[in-house]
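These notes are about the structure you will find just below.
Heavy atoms only: backbone and side chains are in, while hydrogens, waters and symmetry mates are out. The residues of the chain are indexed from 1 along the displayed sequence.
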Amino acid sequence: MMGITLKANRATVLGHLCRCACWLLALTGSVLVQADVRDIRVWQSPDSTRLVFDLTEPSEHKIFPLSSPSRVVIDLNDAEMLLDTADIDLEGTAVASIRIGHPSKKVLRIVLDLDETLKPSSFPLPPNDVYANHRLVVDLKRPETTQSLSPVKPVKQAETSAAGHRDIIVAIDAGHGGEDPGASGSKGTQEKHVVLAIAKELQALLKKEAGFTPFMVRTGDYYIGLRERTEKARSANSDFLVSIHADAFMQASANGSSVYVLSDRGATSETARWLADKENNADLVGGISLEDKDDHLKMTLLDLSMTYQRNSSKRIGADILGYMKKISYLHKRQVEEAAFVVLKAPDIPALLVETGFISNPEEERKLGTRKYQRQMATAIFNGIKDYFSEHPPSGTLLEAQRQRSQGSGAHSYVIRSGDTLSDLAIKHGVGLNELRRVNGLNSDQIRIGQTIKIPGL
């Protein structure tokens, strides 16, 4: 009996000691949790390669490049590789192969063999509604693409006609992409795939239309940062940016399409951000340098530019809604305002189009069909075409066609919501004083529904 008692006491004491040790380790934060690699996904874009590592737990890591040959090394503390890296599909990416090693017992080394010299960067991501695991994101970028918000250099020239008139460039932004799927429907339909399909349909329509050249911001299944999307549109010398999305809501009954422009509050904060960005002062508004202007004049020029672009955006949005309502219930019957980052370009009219609620079973079904994708793209296309046929930018083929159809005489114009006399003078290439004189105006006040004469050129 005594032996049994001693054994019981010994077990009790050992139990207490183990609990105390665990408690002390927890207090000191020295409990080691192994962060194994469960999966690796690779996304290739024209400018960069993104690798996403799914981890069982968050992990400390180091990342550094090596040359001759080009490699990137990632060291994970207290980790193991739970998959065969030979099974990862690397075709069409800048990564030739992925190797692993163990420079020490506590370090998992992952070596990326590259086909070219790339600059690495990395950041961790916690679990979310889409991904249950902790993630480590590694971006590999070409050296010339690592600087964001640099002075704009044209990457695309508009097509020109035999007479020297240029096309209108329309930037088409398919939202989300790559590791960011956007919203998902109950049947598994992902927003990133739907909006890219609609964007490609819109691209095809614009290619066939004389006087227009489309520019695709995203051409495949990869992610682009929100600011970078706007910069790509500006660098392409775009006349207009349309960002295509599919909405989602907690209640499956929510449905309908909608169109958004940048809110006044968003425009004000964006003006301040652009003014603070010294790198952009060399080329902000239509190529006009602001470097030699005082702060008050800079603010005035930017305010005028943002106001003009927002007014133009509202008109394009209204034209698009007019066509969308023929194929879809409108969640909002007028153009709405929101501070979407992708709309924050000071010199390009921009719209965000929500093509429907992918969280609604019926709209998810429609959005997943080629027929409806084409109908939605056609509605957006017709709205864009109508606006620019009425308000063609200077030097474009559409402007020349409009002038020929009108001859040298004046034509009538009915004032719409958002119009100002100065805007109309700029749009139609006539002097403000001439516009006042032809219409017998003593001031710049005009009213919706009023008919005025626009002098011919």
Side-chain angles (χ1 to χ4, degrees), residues 46 150-173 199-219 229-243 280 282-289 301 304-306 308-313 315-317 319-320 343 345-351 377-378 380-408 411 413 422-431 454-457:
S150 57
V152 172
K153 297 179 181 179
V155 298
K156 184 177 183 64
Q157 299 293 338
E159 299 292 331
T160 56
S161 66
H165 303 298
R166 71 174 182 88
D167 280 359
I168 295 168
I169 296 181
V170 177
I172 309 168
D173 171 46
K200 288 181 176 179
E201 293 287 351
L202 177 58
Q203 178 191 30
L205 290 168
L206 287 166
K207 277 185 175 180
K208 294 177 182 178
E209 186 68 22
F212 288 92
T213 294
F215 170 73
M216 292 288 283
V217 174
R218 175 168 76 88
T219 58
R229 293 169 190 261
T230 306
E231 282 303 302
K232 282 181 176 291
R234 293 186 71 239
S235 296
N237 296 319
S238 301
D239 296 284
F240 173 60
L241 167 64
V242 57
S243 187
N280 280 280
D283 184 11
L284 263 180
V285 184
I288 299 175
S289 174
L301 288 172
L304 287 171
S305 178
M306 293 291 274
Y308 177 77
Q309 307 310 333
R310 289 177 65 244
N311 288 340
S312 299
S313 301
R315 296 171 194 167
I316 303 173
D319 287 341
I320 291 175
L343 302 180
D347 47 4
I348 306 175
L351 286 176
T378 301
I380 298 171
F381 165 76
N382 285 333
I384 294 172
K385 180 182 174 182
D386 280 4
Y387 173 82
F388 282 109
S389 295
E390 183 72 23
H391 306 281
S394 177
T396 61
L397 178 63
L398 265 67
E399 181 192 44
Q401 291 175 343
R402 181 177 174 81
Q403 290 174 356
R404 284 196 297 270
S405 67
Q406 293 173 349
S408 59
H411 69 279
Y413 178 84
S422 57
D423 280 351
L424 292 173
I426 294 171
K427 270 293 182 185
H428 294 278
V430 299
I454 305 293
L457 296 178

Handout entry: Pairs satisfying salt bridge (charged side-chain N to carboxylate O under 4.0 Å, His left out), at least one member in residues 201-219, at least two apart
Key = Glu201-Arg370, Glu201-Arg374, Glu209-Lys385
Exercise for the section: For residues Ala236 and Ile169, report the shortest heavy-atom separation together with the two atoms involved. Expected result: O-CD1, 3.3 Å
Exercise for the section: Specify the closest pair of heavy atoms between Gly383 and Asp319, including all atoms of both residues, with the distance to one decimal. Expected result: O-CB, 3.6 Å
Practice task
Test side-chain contact (heavy atoms from CB on, under 4.5 Å) on Val242 and Leu202 and set out the steps.
Solution key: CA-CA 10 Å; Val242 57; Leu202 177 58; 4.0 Å; yes
Exercise for the section: Quick one: closest heavy-atom pair of Asp173 and Ser243, and the distance? Expected result: OD2-OG, 2.6 Å
Completion exercise
CG of Asp239 to OG1 of Thr213, rounded to nearest 0.5 Å, is 9.5 Å
Fill in the blank from the handout: Taken to the nearest 0.5 Å, the spacing of Ser238 OG from Ile172 CD1 works out to 9.5 Å
Problem - Side-chain heavy-atom pair Tyr387, Ile320 within 4.5 angstrom cut-off - result: no
Fill in the blank from the handout: The reported gap from CZ in Arg166 to CD in Glu399 (rounded to nearest 0.5 angstrom) is 9.5 Å
Handout entry: Taking every non-hydrogen atom, the tightest pair across Pro214 and Gln203
Key = CG-O, 3.6 Å
Handout entry: From His391 atom NE2 to Arg315 atom CZ, the distance as rounded to the nearest 0.5 Å
Key = 5.5 Å
Practice task
Taking the side chain as every heavy atom from C-beta outward, state whether Thr396 and His165 have any pair of such atoms under 4.5 Å apart.
Solution key: no
Handout entry: Separation of Leu397 CG from Ile168 CD1 (nearest 0.5 Å)
Key = 8.5 Å
Exercise for the section: Identify the two heavy atoms, one from Ile384 and one from Phe212, that lie closest to each other, and give their separation to 0.1 Å. Expected result: CG2-CE2, 4.2 Å
Practice task
Find the distance between CG (Leu398) and CZ (Phe388) and round it off to the nearest 0.5 Å.
Solution key: 9.5 Å
Problem - Whether Ser313 side chain and Pro349 backbone form a donor-acceptor pair below 3.5 Å - result: no
Fill in the blank from the handout: Residues at least two apart in sequence or cross-chain that pass side chain to side chain contact (heavy atoms under 4.5 Å, CB included) with Leu205, listed by chain then number, are Ala377, Thr378, Phe381
Practice task
Search all heavy atoms of Leu241 against all heavy atoms of Ala233 and return the closest pair with its distance.
Solution key: CD1-CB, 4.1 Å
